Amino acid sequence: MSLPAFAELLERLVFSPGRNAKLALLGQWFAGQPDPERGLGLAAITESLKLATAKPAMLREITMARVDPELFRLSYDYVGDLAETIALIWPKRAGVNAPPPALSDIIAALETTPKSEVPALIAGWLDTLDSSGRLALIKLLTGGLRVGVSARLARVALAEWSGQAVEAIEEAWHAIPAPYEPLFAWLEGRAPQPDPRAAPIFRPLMLAHPLEEADFAALDPATYCAEWKWDGIRVQVTSGPGGARVWSRGAEDISASFPEIIAGLDFHAVLDGELLVLRDGAVAPFADVQQRLNRKTVTAKMQRDYPVAIRLYDILFDSTEDLRPLPFSERRARLEAWYRRQQPPRMDLSDIIAFKQISDLQALRDGARDAAIEGLMLKRADGPYLPGRVKGQWWKWKRAPLTLDTVLMYAQRGHGKRSSFYSDYTFGVWREDGELVPIGKAYSGYTDEELAWLDRWIRNHTVDRFGPVREVEKALVLEVAFDAAQRSSRHKSGVALRFPRIARIRRDKPAEEADRLENVLALITDSASTPDQD
Amino acid sequence: MPLIAPPHPETWLKVTQAGLFCEPGGFFIDPLRAVDRAVISHGHSDHARPGHAAVLATPETLAIMTARLGEGRAGATQQALRYGEVITINGVKVWLRPAGHVLGSAQIALEWQGSRVVVSGDYKRRADPSCAAFEVERCDVFITEATFALPVFRHPDAMGEIARLLRSAALFPERTHVIGCYALGKCQRLIRMLRAAGYDQPIHLHGAQQGLCAVYEELGVALGPLLPATVARKDALKGAIVLAPPSAIADRWARRLAEPVVANASGWMGVRQRARQGGVELPLVISDHADWDELLATCTETGAQEVWVTHGREDALIHALGLQGIRGRALNLIGRGEEDEEASA
């Protein structure tokens, strides 16, 4: 019975916008399903299990053998999606009373069935399922369940269900292939924690707390080291006899996007650093790094135009030696020694900034306007490398945000708890010709009271509707805070803001006095060498 | 065998601006505007309009119309006709058969000079613990609705959908399950099915659902403990089931609910894209209309050589009937199914 249960899980995940709802649904799946079904389901959801054995054309063909073409055409017109049309229209052969397949049955049968017999095999399964089961099967076979569950969220669900720390699960996860039976055995207390041995696995990163004014007093400058907080993507590099990987901070394997980095990994170590686009030693703004993300193949031109490198922060393993229990200062010495010895290509060291007192750092932080610097990091010199965000160990001290006075243009309803509130705002600034042009969207920064006020204001000042979106009178000024302004060819205004959020509602300010596009353009700190996008 | 062939129904049952008109009988069926004499199939507002001089319908439909439209607006004179009772109006025999759609819903059977027509109104074939089950009446011409007349509509077992709802309520005990459902029919059917599934907690109602639930109870359909959701405090609604009109579930009214799981009970929920548009988290495919297989089976069972298709997707149904040797014809009745197709489905 596993496929109908799996279909119900998929359907609930697809329709549940809330993270907590997804976690509860996944927890129920882990608790209620036997091995290997629960692990196979988990692998399918996180897209670690790729069947991709059926092309849409083949599914269409087996359907057309049973359905009148005119009725199929009218139905497809109405539904608009081929997989769903087939799932809904599939006429069961009368008298079929075979039980629906389990996920494991499907995987096993596909491995042993000759290609020519696969269509008949699939038709037989479709006969045993209801429409949601058929949709689940079709999505499995064509690849791409798209239920909005990342591998990271699935691991959090495993942690909540089992009571184990998510960091420990992340260490074990990459060492065990689907259906993860040793992992479940450990999480249920029936077996010891799986040992990854030489496999290139992700080690959970150590994260920092934001530093607030109130924390200053407790900081003893003598016990902390300072570094720049570079604005790239935090990565972990794992290299050894078992293989080499680049992991994102969320434990996604992003090696395929950075072949030139992987090519240079001929050592045996685990390193922590920031992946940046570096041109002649100068760090390019974050927008350049973004060009390299989420690509399955990377052209030589991409590699030339957006040359990447890793700025190293830390070393976790030197060969098989686990350095994580050592204090930061010792790890740093080991990192420097390792770097001198190894001379790794496309890597450099993040500098340690000398300072005597916190006020020295404050001046440095306030003076830093380089787009590639987000602020400062403060790390306890005597602290070990701990997974997750441990208070008092590492601090991130972001520089003060930039702000703009913008005009609210459009609003859209949120999801989940906010589904009855207009909570997503598109805002704009004035162009020279007097037209208001959108420069960004913000979903956060306001209090519950401000949200309720904004919602009421939007409902009372709507001038047009486009589906879920309301266009409002151009009369409300919102002060928006953001970390940086970047050039963007995707926006009409030509700029994009990084991390925009609502700082204040400026009821006192007339819309005509909001900022102008030239004020925004002046904030752009792109280096002149940025190649044009093509 | 009669010596003279019976007249073809086309000669005595006509489509007019006001709706379907029985010429020899001098009455309209479910007319769209106020007329002198109307026979009404059921109480939904796209069938039961206000202001007719004389209304003939089942006693239940008359009670529902009076409750919805107000005293005096649901026919200046009302005539109740029970299922199976036959009366003759100007030589036209008229009787009603249960349609299984909502309480009081009827198919309207007409016979004139040996020629028999059955007007289905809206109907379903599935069990519904809140109303009488559909009965097949043989006829020469069957006039059918076609709300779900595409082979992509095959409704699942409704009690299975109720079981899904109750599983969800068990999984999220801190959240309110709010179900968008039409106030007449769907609401009371859901309550009766929940009771049949063993759910004996009070069920909370949006203000718009309360009046018709009271009418159902007066007509002998017991619904168990019901409470208004309007005055209940947020805490009291944790873990509760609330029934509300579809228009209320994603709007400001719903803010009184504790982290609601928004559900919608409708035949349209079978198509994902439709379910997504409404921001529904738990789509329940529970319909008060016949699905594709049931439409075809019903047309065949009536023995009609000709089927006239009213509101819905008549092209697919007419095509499929043709494959079975039954002549289909589209009847273009204006204004039908416009009430709110999402809601009354």
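As the structure is a computational prediction, the values presented were derived from the model and not from experiment.
Here B:V152 is the residue among B:D293, B:L282, B:I249, B:V152 with the most heavy-atom pairs under 4.5 Å with chain A. Contacts with chain B were tallied for A:R12, A:E70, A:R73, A:Q28; A:R12 has the most, counting heavy-atom pairs under 4.5 Å. Between chain B and the options A:T85, A:D81, A:D130, A:D455, heavy-atom pairs under 4.5 Å are most frequent for A:D455. Between chain A and the options B:L150, B:L323, B:V285, the largest number of non-hydrogen pairs under 4.5 Å is found for B:L150. Comparing B:S168, B:A320, B:A254 by heavy-atom pairs within less than 4.5 Å of chain A, the highest count is held by B:S168.
To the nearest 0.5 Å, atoms CD (B:E174) and CG (A:N20) are separated by 11.5 Å. Expressed to the nearest 0.5 Å, how far CH2 of B:W292 lies from CD1 of A:I89 amounts to 8.5 Å.
Atom CZ of A:R459 sits in a crowded spot, with more than 12 heavy atoms from other residues, nucleotides or ligands closer than 6.0 Å. Within 6.0 Å of atom CD in A:E61, 12 or fewer heavy atoms from other residues, nucleotides or ligands are found, so the atom counts as exposed in its surroundings. More than 12 heavy atoms of other shown residues, nucleotides or ligands fall within 6.0 angstrom of atom CZ in B:R167. Counting heavy-atom neighbours within 6.0 Å of B:R329 CZ, excluding the residue itself, gives a total above 12.
Residue B:D315 touches chain A through both its backbone and its side chain, counting heavy-atom pairs closer than 4.5 Å. In this structure, the portions of B:A316 lying under 4.5 Å from any heavy atom of chain A include both its backbone and its side chain. For chain A, no part of B:P156 is nearby; none of its heavy atoms comes within less than 4.5 Å. Contacts of A:A21 with chain B are made by both backbone and side-chain atoms, with heavy-atom separations under 4.5 Å. Within the 4.5 angstrom heavy-atom criterion, only side-chain atoms of B:V261, from C-beta onward, approach chain A. Both the backbone and the side chain of B:R252 come within less than 4.5 Å of a heavy atom in chain A. If you measure heavy-atom distances from A:E11 to chain B, the contacts under 4.5 Å come from both the backbone and the side chain. Heavy atoms of B:L257 lying under 4.5 Å from chain A are absent altogether. Of the atoms belonging to B:W253, not a single heavy atom falls under 4.5 Å from chain A. No part of A:S131 comes within reach of chain B, as not one of its non-hydrogen atoms sits under 4.5 angstrom from that chain.
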Inset, instruction - Please test A:L25 against B:F172 for side-chain contact (heavy atoms from CB on, under 4.5 Å), starting from the C-alpha separation and ending with a verdict. - result: CA-CA 9 Å; A:L25 289 162; B:F172 300 110; 4.1 Å; yes
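Minimum heavy-atom separation, B:L171 to A:A24: CD1-O, 3.9 Å. Closest approach of A:L88 and B:R154 over heavy atoms only: O-NH1, 3.6 Å.
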